[in-house]
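Below is one structure, written out as structure tokens; comments come after it.
All ligand and atom numbering here is 1-based and tracks the order in the structure. Just so it is clear, the model here is predicted, and its values are computed rather than measured.
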Amino acid sequence: MPKPRKVVIVGAGNVGSTFAYTIMRSGLAREIVLIDMDRERAEGEAMDLNHGLFFAPPVSIRAGDYDECAEAAVIVITAGARQQPGESRLDLVQRNVAICKSIMSEITSRTSEAIVIMVTNPVDVLTYVAQEVSGWPHGRILGSGTVLDSARFRYLLSDHCKVDPRNVHAYVIGEHGDSEVPVWSMTHIAGVPMSQYCPLTCRHTCTDQDRAALFDEVRESAYHIIESKGATYYGVSMALDRITSAILRDENSVLTVSVRADGCYGLEGVCLSLPAIVNRNGVDRVIETELGANEQEALHRSAKVLGDVIAQIAL
Ligand SMILES: NC(=O)c1ccc[n+]([C@@H]2O[C@H](COP(=O)([O-])OP(=O)(O)OC[C@H]3O[C@@H](n4cnc5c(N)ncnc54)[C@H](O)[C@@H]3O)[C@@H](O)[C@H]2O)c1
């Protein structure tokens, strides 16, 4: 039986340990367990975090092994090889498929009740692999997908329009990677469509060129951060806190997590990000809406990129 607020994190590297810190601060979990093949690293991270407990909401934090998964409500997988400078996320695939399969076998031999959030890249492909090897209902295994990319998009739009990012509604869908798609047709600021907002406020133009430049920046963000500091972990950890909160608090939040397409938007046989309702069941359902013709085409191109990779991997 899962404990309602127990979170197990597999991979105590940059992302795993920063996520542990994030949920320790937010008070989301009662128990946080860090599992890593480098047990010493997991022990060290747990010790460091525990020394901050005097300043944080009560939570038990420890390093552990896979037996801890038996009672986990949420298991977050961040273990794997990380992107090297100049390396695309898809280049990582073969290295991380093998790691994903071995971790999923450890997890599924101990529980079938947790919700699994895949973070390791290429996240869409590994979400698919985890679903396939587990045999669990697809909604119980989701990827962090483009929740981070959507947040980057909102931040850059908010900066462009000089408005609080929390008033910006914007989604990035498709692959968490180079073929991802901005859904301009769904983008609005406090209910005002983007196409009207800029002329209304008279602060900036919002030409097709402006849009293309802004979205290039969203897409290139991870590459820039990795070039400059070697890894990205703060933004993604806050995105993971948001997803975990939607699950543990049964929020029915709309998030662009990576889901099995299962016929949505005319797509099959891939996992990719679509706006979905996330609650204690994981992905409850995908929100299907009419996209612009260009957006629909770009989404299908993105799905093809992922489908081609999936076709090449040995499961
Ligand atoms: N989806 C996203 O939005 C997003 C954002 C940032 C990073 N990432 C991805 O997250 C992953 C982790 O990034 P990071 O910067 O934390 O890397 P990292 O190298 O700092 O940490 C990875 C950890 O995984 C552990 N590990 C490797 N193989 C393992 C195994 N078989 N079992 C248990 N532990 C194992 C390593 O010991 C290491 O501690 C990467 O794949 C990265 O590309 C995803």
TODO: Report yes if V119 has an N/O atom closer than 3.5 Å to an N/O atom of ligand 1; otherwise report no.
DONE: yes

TODO: Kindly say whether the aromatic ring centers of W184 and F153 come within a distance under 6.0 Å.
DONE: yes

- [ ] Would you check whether T120 has a nitrogen or oxygen atom less than 3.5 angstrom from a nitrogen or oxygen atom of ligand 1?
- [x] no

TODO: Indicate, as side chain, backbone, both or neither, the part of S144 found under 4.0 angstrom from ligand 1 when only non-hydrogen atoms are considered.
DONE: side chain

Open item on the list: If I apply the N/O under 3.5 Å rule, does H176 come out as touching ligand 1?
Closed with: yes

TODO: Take every heavy atom of A81, measure it against each atom of ligand 1, and state whether any distance is under 4.0 Å.
DONE: yes

Open item on the list: I'd like to check M104 versus I77 (side-chain heavy atoms, cut-off strictly below 4.5 Å). Are they in contact?
Closed with: yes

Open item on the list: Measuring from atom 12 (C) of ligand 1, which candidate in D149, L34, T78, L240 has the nearest non-hydrogen atom?
Closed with: T78

Can you list, pair by pair, the side-chain donor-acceptor contacts under 3.5 Å of residues 228-236, counting residues two or more places apart and other chains?
residue, atom, partner, partner atom, Å
S228, OG, H224, O, 3.0
S228, OG, I225, O, 3.1

Open item on the list: Strictly below 4.0 Å, N to O, side chains only: are E68 and K6 in salt-bridge contact?
Closed with: yes

- [ ] Output the distance between atom CD (E295) and atom OH (Y171), rounded to the nearest 0.5 Å.
- [x] 13.5 Å

Open item on the list: Any nitrogen or oxygen of I103, side chain or backbone, less than 3.5 Å from one on ligand 1?
Closed with: no

TODO: Please indicate whether any nitrogen or oxygen in S102 is less than 3.5 Å from any nitrogen or oxygen in ligand 1.
DONE: no

TODO: Please indicate whether any nitrogen or oxygen in G145 is less than 3.5 Å from any nitrogen or oxygen in ligand 1.
DONE: no

- [ ] For A42 and D36, work out which heavy atoms get closest and say how close.
- [x] CB-CB, 4.0 Å

- [ ] Could you tell me whether I99 approaches ligand 1 through its side chain, its backbone, both or neither, with non-hydrogen atoms closer than 4.0 Å?
- [x] side chain

- [ ] Each residue besides F55 in its hydrophobic cluster should be listed here, by chain and number; the cluster joins Ile, Leu, Val, Met, Phe, Trp and Tyr at side-chain heavy-atom distances under 4.5 Å.
- [x] F54

